[in-house]
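A short worksheet on the structure shown next.
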Amino acid sequence: MWKLSAPDRLEQWKRFRKEIDKLEFEPALDRVAQFWGSAPFQPFYLESQQPETWPDPWTLIVENCYCDLAKALGILYTLHLSDHKTHDYSLVVMRQQGTRYQYNLVWIDGGKYVLNLETAEVVNKKSIPDNLVKIIEYTKHELNLDRF
């Protein structure tokens with residue numbers, strides 16, 4: 001999907017969202033994790049502390065640049081624009097102690113499900129290493145996802 005033209009990527013993403021609508025929640029999460037795990041990585045595309053600069057869902061797909069934060073946004077947007085939007089979502093930014101390495105995680109239902117920690121996998125908050133410290137958390141309401 002990632003090498004398609006922008007209109008074709010948008011169409012493919014729409015089809016993918018319709019496919020996960022037909023799945024129960026946990027299998028849908030697995031598919032979303034795999035989907036965004038396959039996106040090409042480009043470092044330093046978005047800044048985690050400037051959510052006002054983050055692209056809307058369709059611009060994200062059109063621009064086709066996916067740093068760790070952009071992948072987390074893609075996960076959030078995909079779930080929110082599907083029939084699975086009824087769950088509690090947040091984007092949690094964590095930093096590894098002693099380094100500047102940052103993780104941008106999608107927490108669902110209070111960390112029962114965590115995406116974007118391990119590539120293409122769904123884990124839970126118990127899988128988060130002790131040396132990761134939460135810097136900031138953006139709830140779906142703070143991200144104003146309902147505008148999409």
Side-chain angles (χ1 to χ4, degrees), residues 1-95 100-125 127-128 132-148:
M1 144 148 173
W2 312 110
K3 293 183 180 183
L4 298 173
S5 67
D8 289 342
R9 277 194 310 278
L10 288 167
E11 182 60 34
Q12 186 70 28
W13 185 51
K14 182 179 178 179
R15 273 189 249 142
F16 176 75
R17 294 191 323 267
K18 291 196 180 299
E19 287 174 21
I20 65 168
D21 284 346
K22 299 172 188 172
L23 300 175
E24 295 294 324
F25 187 62
E26 288 185 4
L29 288 181
D30 285 333
R31 290 286 311 278
V32 170
Q34 292 166 10
F35 182 86
W36 285 101
S38 72
F41 181 75
Q42 179 176 331
F44 310 114
Y45 172 58
L46 301 174
E47 171 55 49
S48 64
Q49 297 195 16
Q50 296 177 340
E52 67 279 359
T53 67
W54 297 348
D56 65 47
W58 302 275
T59 303
L60 180 71
I61 299 296
V62 167
E63 290 181 349
N64 207 30
C65 295
Y66 305 106
C67 63
D68 189 57
L69 176 57
K71 287 185 179 195
L73 278 177
I75 291 166
L76 280 171
Y77 291 157
T78 300
L79 292 168
H80 183 73
L81 293 170
S82 76
D83 288 345
H84 300 289
K85 66 179 154 199
T86 58
H87 290 264
D88 182 34
Y89 299 105
S90 61
L91 193 151
V92 176
V93 180
M94 302 187 93
R95 181 161 292 139
R100 295 186 58 167
Y101 194 80
Q102 187 169 290
Y103 292 81
N104 300 285
L105 308 176
V106 176
W107 280 43
I108 303 167
D109 296 337
K112 180 177 181 181
Y113 308 98
V114 176
L115 283 77
N116 212 38
L117 176 65
E118 300 291 337
T119 302
E121 289 186 34
V122 179
V123 297
N124 64 43
K125 64 183 176 184
S127 300
I128 296 174
L132 294 185
V133 178
K134 186 188 297 187
I135 297 171
I136 192 164
E137 181 172 358
Y138 300 103
T139 67
K140 68 179 181 180
H141 301 293
E142 291 170 327
L143 294 172
N144 196 19
L145 293 180
D146 288 333
R147 72 183 188 268
F148 305 123

Would you check, one step at a time, whether the test salt bridge (charged side-chain N to carboxylate O under 4.0 Å, His left out) holds for Lys22 with Glu19? CA-CA 6 Å; Lys22 299 172 188 172; Glu19 287 174 21; over 6 Å; no
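With hydrogens and angles disregarded, a donor-acceptor distance shorter than 3.5 Å links the side chain of Lys140 to the backbone of His87. The main-chain N or O of Leu4 is found under 3.5 Å from a side-chain atom of Arg9 such that the two form a donor-acceptor pair. Ser127 places no side-chain N or O within donor-acceptor distance of the main-chain N or O of Val123, the cut-off being under 3.5 Å. With hydrogens and angles disregarded, no donor-acceptor distance shorter than 3.5 Å links the side chain of Asn104 to the backbone of Ala72. Not a single donor-acceptor pair under 3.5 Å links the side chain of Glu121 to the backbone N or O of Glu118. With hydrogens and angles disregarded, no donor-acceptor distance shorter than 3.5 Å links the side chain of Asn116 to the backbone of Val106. A donor-acceptor distance shorter than 3.5 angstrom exists from the side chain of Asp56 to the backbone of Thr59, with no hydrogens or angles considered. Lys112 contributes no side-chain N or O that, together with a main-chain N or O of Asn124, makes up a donor-acceptor pair within less than 3.5 Å. Checking side-chain atoms of Arg31 against main-chain N and O of Ala28 turns up no donor-acceptor pair under 3.5 Å.
Annotation: the span from Leu81 atom CG to Ile20 atom CD1 amounts to 9.5 Å, rounded to 0.5 Å. For the atom pair Leu91 CG and Thr139 OG1, the distance stands at 10.5 Å (nearest 0.5 Å). With values rounded to the nearest 0.5 angstrom, Leu23 atom CG is found 10.0 Å from Leu29 atom CG. One finds the CZ atom of Arg17 at 8.5 Å from the CG atom of Asp21 (value rounded to the nearest 0.5 Å).
Side-chain atoms of Lys85 and Leu79, non-hydrogen and from C-beta on, never get closer than 4.5 Å to each other. Here the side chains of Trp107 and Lys125 are in contact, with some heavy-atom distance below 4.5 Å. Here the side chains of Tyr103 and Ile128 are not in contact, with every heavy-atom distance at 4.5 Å or above. Contact annotation: the side chain of Met1 never approaches that of Phe16 to less than 4.5 Å [non-hydrogen atoms, C-beta and beyond]. Taking 4.5 Å as the limit, some side-chain heavy atom of Leu105 sits within range of a side-chain heavy atom of Met94. In this structure, Pro55 and Leu46 have side chains that are in contact, with non-hydrogen atoms separated by less than 4.5 Å. In this structure, the side chains of Val114 and Ile108 stay at 4.5 Å or more apart for every pair of heavy atoms. Put simply, the side chain of Pro40 reaches to within 4.5 Å of the side chain of Tyr66, judged on heavy atoms.
Ring geometry for Trp13 versus Trp36: interplanar angle over 60°, hence perpendicular rather than tilted (30 to 60°). By the 30° and 60° cut-offs, the orientation of the rings of His84 relative to Phe25 is tilted.
One side chain, Gln102 or Ser48, offers a donor N or O that lies under 3.5 Å from an acceptor on the other. A donor-acceptor contact under 3.5 angstrom links the side chains of Arg15 and Gln12, judged on distance only.
Heavy-atom neighbours of Arg147 CZ from other residues, nucleotides or ligands within 6.0 Å: above the threshold of 12. Other residues, nucleotides and ligands contribute more than 12 heavy atoms inside 6.0 Å of the CD atom of Gln50.
Applying the side chain to side chain contact (heavy atoms under 4.5 Å, CB included) criterion to Gln42, with sequence neighbours excluded, gives Cys65.
Checked against Val93 for a side chain to side chain contact (heavy atoms under 4.5 Å, CB included), the options Asp68, Ile135, Val133 give a single hit: Ile135.
The distance between the ring centers of Trp58 and Tyr77 does not fall below 6.0 angstrom.
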